[in-house]
Amino acid sequence: MLGTKEHVIHGSGSAAYSGPNPLAFATSGSGTSFNMTDPTATTLKCRDSANNVTFSGTDDVWGNGVATNKETGCVDALYGAQQMKAMMSSWLGRNGMNGTGGWVPIRVGLNDINAYYDGTQIQIGHNQSNQWISSIDVVAHEFGHGVDDKTPGGISGGGTREFIGDALATATEYYDGQTSPYDSPDHTIGEEINLVGRGPIRDGSNPANAGDPACWTTSIPNAEVHAAAGPGDHWFYLLSRGGVSQCDGTSTTGIGEQAAIKVLYNAMLMKTSSSSYLKYRTWTLQAAKNPDSTCAQFNTVKTAWDAVNVPAQTGDPTCGGTTPPPTGGNILLNPGFESGAASWAGTTGLITTNTGRPARTGSYKAWFGGNGSTSTENLTQTVTIPSTATAANLSYWIRTDTAESGSTVYDTLKIRVIVGGVTSTLRTFSNVGTNSTYTQFSHSLLAHKGKAVTVKFLMNEDSSLQTSFVVDDTAVSVS
């Protein structure tokens with residue numbers, strides 16, 4: 001058979017922060033012409049900020065290990081970004097900074113004691129000793145802002161944006177797993193770059209070590225954004241590592257960085273433009289509940305938020321017992337499929353990150369059909385509409401495309417609900433009148449309040465010519 005195989009060239013670098021040297025990382029080029037561009041994500045590259053030219057060379061050997069050298073700064077920066085890329089793919093199922101493989105370039109050489117992301121680039125400046133500050137946690141923190149920017153609702157608000165970047169940076173360090181004396185995993189940010197001669201910029205184990213508050217108060221949303229990260233950094237530390245709260249002395253047993261960042265990332269996929277610490281409490285509780293029927297993660301997330309004084313909210317979900325489902329929100333579990341098949345039954349293999357059809361948000365979606373052969377596929381989930389509900393609506397986003405032609409219906413996707421054994425079809429999509437732009441549809445379920453309702457997506461495809469029905473961002477919203 002004919003096929004292609006991806007060849008990744010590994011450059012050899014001398015880094016200032018990561019190690020041991022020589023440090024292997026992915027570059028592009030061949031023969032005597034190489035450049036610092038990721039070969040599998042060509043928008044991820046490292047440039048000299050003085051002229052916006054991507055670093056290039058004849059031998060695929062980069063840097064000299066001295067932190068005042070820009071090319072060395074790019075060795076650290078591109079390595080760190082590639083470790084974040086791998087972490088997100090492996091731990092979160094996310095493809096790149098923007099979720100579809102896209103990044104922005106890194107530019108080393110900013111004449112400022114700072115680093116930043118502005119939507120088009122990552123700029124890396126210097127510390128007080130004029131050393132470029134491209135350690136793995138600084139680079140992953142700035143790209144963390146990019147991930148935040150490219151998830152629903154945009155950059156997180158209410159004082160939360162910097163802790164989001166810190167958490168993604170910390171997860172990258174733990175994924176990479178360097179050993180001392182290199183940039184080994186921890187919950188401090190910027191300890192190696194020593195930005196202003198006082199060690200770490202922030203410290204999740206005890207934010208006061210860097211002059212930041214550990215505990216949430218009503219003044220946090222209006223605090224300086226980096227100081228406002230303190231409660232979130234401490235929450236993420238307690239959730240990951242466990243330990244004693246700096247706020248109330250209570251103890252938390254950690255779930256590890258991989259599980260913790262997955263909870264936070266899935267909460268980011270529920271984010272709206274009015275995000276806050278209070279809302280992140282609710283979203284992370286929902287994210288922890290979705291894949292875990294034992295409620296263990298849910299309870300740890302709750303304990304960690306309580307331990308940094310972020311108060312319970314009326315929209316917080318509950319887990320376990322016979323408590324009725326909450327009102328005022330989405331009662332479907334794993335509604336955007338970002339936890340894979342969790343909480344869904346049926347043909348769960350169609351929940352995928354396959355890039356042949358894009359997700360609307362995040363990385364996962366439910367791709368029905370597309371087989372070009374006789375097939376039947378379905379997904380179901382059962383929820384109970386509260387008896388006190390004044391509104392209840394099933395909604396979903398769908399895009400369709402087909403290889404069929406004409407006005408004859410061959411392939412269908414039916415949106416159904418099953419209540420008390422009675423099946424109702426709310427809408428039928430087919431190969432006729434397809435729409436490759438995601439469009440939202442909604443159906444009232446208020447007539448079923450107080451009852452268990454099974455939501456069912458049912459696809460039937462005939463023996464030839466594919467039709468794809470791709471569903472994402474489902475909801476049963478009640479109030």
Side-chain angles (χ1 to χ4, degrees), residues 80 83-84 86-88 90-94 136-138 140-141 143-144 147-148 156 160-180 183-191 200-210 212-216 229-269 277 280-281 283-292 294-310 338-339:
Q83 291 303 303
M84 183 182 188
M87 181 278 290
M88 291 196 299
S90 176
W91 287 6
L92 307 178
R94 186 176 181 84
I136 192 171
D137 52 3
V138 170
H141 170 93
F143 273 120
V147 173
D148 198 16
S156 295
T160 62
R161 76 181 193 190
E162 297 299 326
F163 109 76
I164 296 296
D166 288 350
L168 286 161
T170 297
T172 300
E173 281 195 349
Y174 276 88
Y175 175 86
D176 186 35
Q178 294 180 43
T179 58
S180 181
D183 203 349
S184 53
D186 51 46
H187 282 254
T188 53
I189 301 296
E191 71 281 356
I201 303 166
R202 286 179 294 283
D203 184 346
S205 67
N206 184 1
N209 289 340
D212 298 327
C215 316
W216 187 87
D233 286 343
H234 196 39
W235 170 81
F236 191 72
Y237 174 83
L238 294 172
L239 181 62
S240 302
R241 295 282 92 192
V244 176
S245 166
Q246 299 296 316
C247 303
D248 62 7
T250 58
S251 294
T252 302
T253 301
I255 63 174
E257 282 71 19
Q258 181 175 354
I261 197 62
K262 190 167 186 176
V263 166
L264 182 57
Y265 173 69
N266 284 332
M268 292 169 68
L269 299 178
Y277 270 107
Y280 264 112
R281 176 185 168 113
W283 295 330
T284 54
L285 287 170
Q286 188 64 58
K289 175 181 176 177
N290 285 348
D292 180 14
T294 71
C295 300
Q297 281 194 5
F298 176 93
N299 291 332
T300 304
V301 170
K302 181 178 183 296
T303 297
W305 281 125
D306 290 345
V308 298
N309 295 349
V310 174
E338 294 305 316
S339 295

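Heavy atoms only: backbone and side chains are in, while hydrogens, waters and symmetry mates are out. Source: prediction; values computed, not measured.
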Closest non-hydrogen atom pair between [X] and [Y], with its separation:
X    : Y    : value
M87  : L168 : CE-O, 3.9 Å
V301 : A288 : CG2-CB, 3.7 Å
P213 : P207 : O-CB, 3.6 Å
Q178 : D183 : OE1-N, 3.2 Å
C247 : A307 : CB-O, 3.2 Å
G249 : V244 : O-CG1, 3.5 Å

Problem set entry | Working for side-chain contact (heavy atoms from CB on, under 4.5 Å), residues N266 and W283 | CA-CA 8 Å; N266 284 332; W283 295 330; over 6 Å; no
Kindly indicate whether the side chain of [X], heavy atoms from C-beta on, has any atom under 4.5 Å from the side chain of [Y].
X    : Y    : value
I255 : L239 : yes
Y237 : V308 : no
E173 : Q83  : no
D176 : I136 : yes
W216 : W305 : no
E191 : D137 : yes
T303 : T300 : no
N309 : P231 : no

Would you compute the distance between atom [atom1] of [X] and atom [atom2] of [Y] and round it to the nearest 0.5 angstrom?
X    : Y    : atom1 : atom2 : value
I261 : W91  : CD1   : CH2   : 8.5 Å
H234 : T252 : NE2   : OG1   : 8.0 Å
I164 : F236 : CD1   : CZ    : 9.5 Å
M268 : D148 : CE    : CG    : 4.5 Å
N299 : D306 : CG    : CG    : 10.5 Å

For this session: Determine, stepwise, if the pair W235 / T284 fulfils side-chain contact (heavy atoms from CB on, under 4.5 Å).
Result: CA-CA 11 Å; W235 170 81; T284 54; 3.9 Å; yes
For this session: Quick one: which residue pairs count as a salt bridge (charged side-chain N to carboxylate O under 4.0 Å, His left out) with a foot in residues 240-268, not counting sequence neighbours?
Result: R241-E257
Problem set entry | side chain to side chain contact (heavy atoms under 4.5 Å, CB included) against A229, all qualifying residues, sequence neighbours excluded | E162, F163, D166, R202, D233
Exercise. With distance as the sole criterion, is a donor-acceptor pair present between the side chains of S240 and Y174 under 3.5 Å?
Worked result: no
Problem set entry | Residues forming a salt bridge (charged side-chain N to carboxylate O under 4.0 Å, His left out) with D203, sequence neighbours excluded | none
